[in-house]
Amino acid sequence: MARGDCGDSLNLRVPPDLKRQVEEYAHRAGISINAAARVLLAEALRLERRSKG
């Protein structure tokens, strides 16, 4: 199965809009949906730490 293939899914209960954003990022980046979710989560955590910093 190719990365970002429709068979790949985000196995978390998330709002549909967030799921769509992760899927779109995965498609643009050419990575799996799960990898995209990890990348986006890591970036969000970095930004949160900076804002508290």
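How far CD1 of Ile33 is from CD of Glu24: 11.0 Å, rounded to the nearest 0.5 Å. To the nearest 0.5 Å, atom CG of residue Leu40 and atom CD of residue Gln21 are 8.5 Å apart. To the nearest 0.5 Å, the span separating NE2 on His27 from CD on Glu23 amounts to 11.5 Å. Distance check: Lys52 NZ to Leu47 CG gives 12.5 Å after rounding to the nearest 0.5 Å.
Applying the side-chain contact (heavy atoms from CB on, under 4.5 Å) rule to Leu41 yields the partners Leu45; only residues at least two apart in sequence or on another chain are considered.
With a 4.5 Å cut-off on side-chain heavy atoms, Tyr25 and Ile31 count as touching.
Nearest heavy-atom pair, Ala26 versus Ser32, reported as atom, atom and distance to 0.1 Å: CB-O, 3.8 Å. Listed here is the closest heavy atom pair of Ala37 and Val22: N-CG1, 3.9 Å.
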